[in-house]
Number of protein chains: 2
Amino acid sequence: MQRVTMMDVAKLARVSPSTVSLYLRKPDAVSQEAGKQIERSVRELGYVPNLVAGGLAAASSRVVSIIVPSIRNAFFAETVSTLQTELAADGFQVIQGNSEYGPDHEEALVRTALSWAPAAIILTGLSHTGQTRRMLAASSAPVVEMWELGAEPIDMAVGFSHAEVGITTARHLILKGRRKLCFVGARLQEDRRAAQRADGFMQHCRDTGVNKFEMLNYPGPASVEAGTILLNQIRQRMPDLDGLACSNDLVALGVLFECQRQGIAVPGQISVVGFGDLDFSGSCIPSLTTVRPFGDLIGREVARLIIDRITGDMSDALGHVVDTGHALIERSSS
Amino acid sequence: MQRVTMMDVAKLARVSPSTVSLYLRKPDAVSQEAGKQIERSVRELGYVPNLVAGGLAAASSRVVSIIVPSIRNAFFAETVSTLQTELAADGFQVIQGNSEYGPDHEEALVRTALSWAPAAIILTGLSHTGQTRRMLAASSAPVVEMWELGAEPIDMAVGFSHAEVGITTARHLILKGRRKLCFVGARLQEDRRAAQRADGFMQHCRDTGVNKFEMLNYPGPASVEAGTILLNQIRQRMPDLDGLACSNDLVALGVLFECQRQGIAVPGQISVVGFGDLDFSGSCIPSLTTVRPFGDLIGREVARLIIDRITGDMSDALGHVVDTGHALIERSSS
DNA sequence: AACATAAATCGTAGCGCTATGATAGCGCCA
DNA sequence: TGGCGCTATCATAGCGCTACGATTTATGTT
């Protein structure tokens, strides 16, 4: 499979394999003359370093393992995509796994991830099984937990408080004069972050003395269809509903469609707020008020932390927490 | 980083490392008694095999490298997600890279991918640089090209003909009595598959003697906003437009929104057909007629081919081509 | 009981690279 | 001119595992 080895390059360049290895890792440590020779030989032979061998020898590979609940989810797709680009620029490969919102599944993924001796491990959220924590602690690899802030991270964390997103959403609806509120979400048992947004929302309602507020869950994944179903359910339970927060812009879009179908005025009769600021959110009818989570910023910050930790001075060896915040994007639906 | 080695397990189980290795790979080749001992030792020590070392020794790692244009694209997210799940079930890790629709970028990704001695390489589409082809040929790793059929694949291919999608779309609009047609797309220079759909569409118009047909391109990525912009552009150039094909359901959704905003009846005045059958396509207003590409089926078939090739008999060593086809989903927008 | 055969286990030799000292070559000052 | 410190280069010893052939043990046959 791998024909040309470092030895071949060394022979052609008339230096020892050590020098080739050294040049490839730290070009400045080798004389210009030798460097040029090596460069030429590499090109002539079409040499591609065997990273597996390198990883074994160096006891740490240039692999970063990312575990997200689902890459189908546009939020995570954005972050993963950004991470990939940023890390690739520094020569890191990305191994990716989907936990499907299952802590045990995540544990299995971490186990295999660890067997690659990765340069870093990126997890989604702050809740993991005890075994996962134990393995991670034993591994000494940098760990970044992303997309959630609140509890104590294992090592580093980049994200924002979902409870605060819930509060922002509730506050906005109340500010708009809405008093019969509902939070609708999908997969609220599995998706702890959505659940935290719901909790923050409900808590703020309670704190500010809103008289009527409810929460409704759709068991399947967040989708436009879930939104249409949820709107009908909540309207049955709360016919005078006037403010609706959705755990996801997809759900909100379904709500908007269903309102249009039934002739419910938005925001006239019901104000709708989403979460995610997805592709369509600015263009739909009415354009959707939503909370933007800065998924690409999360990706960039995670990449920065990892690269700093690996290449940088050990002063950074302590944990880091970066709050990327959130922003309410006020549009026409509220 | 990796404390417990196979040697430790062997010592505890009172067998040789070879037997442990053998048991881990082929449990049936070891006596039940020894197997139980090893199992117990593995658990007691919390042994996690070092796949880097294994990959080096076996000269091929259980890594599958997937290169797609962009994981942000819902089509590819679906396929990659399915692939990940299917391959993980057989103990394969997935390394993923985004080519951003650039052949040179793809070449660089293939180069690094190859340096992991992957068990297989999965590429998107059939067009690659000569250097990419050369590296792939030299590597002897199984190669699957997906999401496109037509030209001769490097090794195996799973996908469908985009030209035929274009024909299906055109035929449908013509069948609906539409005669002033347009194909609108995004990134038609970079996205060769979208370009093929456009070509098929135009060709069918020509072949069937449609009197008026045009094609319009939006330079940015496919998005809802692109749809709103494109609709206005084409209406200026072709005020009597009555049938519109979009390269992507996101673009189609933007078109639908803009039609609604301007009071253009769909399908009364203009029929709209999309591509992708995304999450919202069945729920939007009007529900969107579109072509479904079976992205998850592609993922499953690719995984099957790879696993068959690697674990299976060598009778499969020749290339394979699987046509996953496409389906017109007729809804209310046409 | 002696032998052939099969099954289970083992020892060894790397896989291709990096990290770690050790060595060689050089200019400079006393 | 000898010795010092510096830089550039090198030889060597693994990293942890798998593949392979060799060896041991169990099973069956006459």
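Computed from a prediction, not measured in an experiment: that's the story for all the values here. Proteins get letters first, then strands, A, B, ... in listed order; numbering begins at 1 in each.
Closest to the side chain of Ala53(A), from the set dC10(C), dC17(C), dC17(D), is dC17(C). The side chain of Met6(B) approaches dT18(D) more closely than any other nucleotide in the set dG16(C), dT18(D), dG16(D). Closest to the side chain of Ser16(B), from the set dC10(C), dG16(D), dC10(D), is dC10(C).
For the pair Val52(A) and Val30(B), both in contact range of DNA chain C, the more 5′-proximal nearest nucleotide belongs to Val30(B).
One interatomic measurement links the two molecules: CG of Asp8(A) to P of dC15(C), which rounds to 12 Å at whole-angstrom precision. One atom, NZ of Lys11(A), and another, P of dT9(D), lie 20 Å apart when rounded to the nearest Å. Across the protein-nucleic acid pair, Leu51(A) atom CG and dC17(C) atom P stand 9 Å apart, rounded to whole Å. Atom CD1 of Ile38(B) is separated from atom P of dC10(C) by 8 Å (rounded to the nearest Å). Rounded to whole angstrom, the span from the CG atom of Leu24(A) across to the P atom of dC17(C) amounts to 9 Å. Rounded to a whole Å, the CD atom of Gln37(A) is 15 Å from the C1' atom of dT9(D). Remark: P of dA26(D) and CD of Glu33(B) are 10 Å apart, rounded to the nearest angstrom. The distance from atom CG of Asn50(B) to atom C1' of dT18(D) is 12 Å, rounded to the nearest whole Å.
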Please tabulate, for side-chain N and O atoms in residues 297-304 of chain B, each donor-acceptor pair with protein atoms closer than 3.5 Å (sequence neighbours left out).
residue, atom, partner, partner atom, Å
Glu301(B), OE1, Arg304(B), NE, 3.3
Glu301(B), OE1, Arg304(B), NH2, 2.9
Arg304(B), NH1, Asp308(B), OD2, 3.3

Donor-acceptor pairs under 3.5 Å, side chain of residues 90-97 of chain B to any protein atom, not counting sequence neighbours: which ones?
none

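The two atoms that bring Leu114(A) and Ser139(A) nearest to each other are CD1-CB, 3.8 Å, heavy atoms only.
In this structure, Leu22(A) reaches the bases: a heavy-atom distance under 4.0 Å links it to at least one base atom across the strands shown.
Between Thr19(B) and dT9(C) there is no side-chain N or O to OP1 or OP2 distance below 4.0 Å. Taking side-chain N and O atoms only, Tyr47(A) has a distance below 4.0 Å to OP1 or OP2 of dC17(C). The side chain of Ser31(A) places no N or O atom within less than 4.0 Å of a non-bridging phosphate oxygen (OP1 or OP2) of dT7(D).
Side-chain N/O atoms of Ser16(A) and Thr19(A) include a donor and acceptor closer than 3.5 Å.
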Sub-3.5 Å pairs of nitrogen or oxygen atoms, protein against nucleotides 19-23 of chain D:
residue, atom, partner, partner atom, Å
dA19(D), OP2, Arg25(B), NH1, 2.5

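Each of Glu106(A), Arg133(A), Arg134(A) was checked for a side-chain hydrogen bond (donor to acceptor under 3.5 Å, both in side chains) with His128(A), and the lone residue meeting it is Glu106(A).
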Side chain to side chain donor-acceptor pair (under 3.5 Å) between Ser65(A) and Trp116(A), worked out:
CA-CA 9 Å; Ser65(A) 184; Trp116(A) 283 100; over 6 Å; no
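Using cut-offs of 30° and 60° on the angle between ring planes, the pair Trp147(B) and Phe160(B) is perpendicular.
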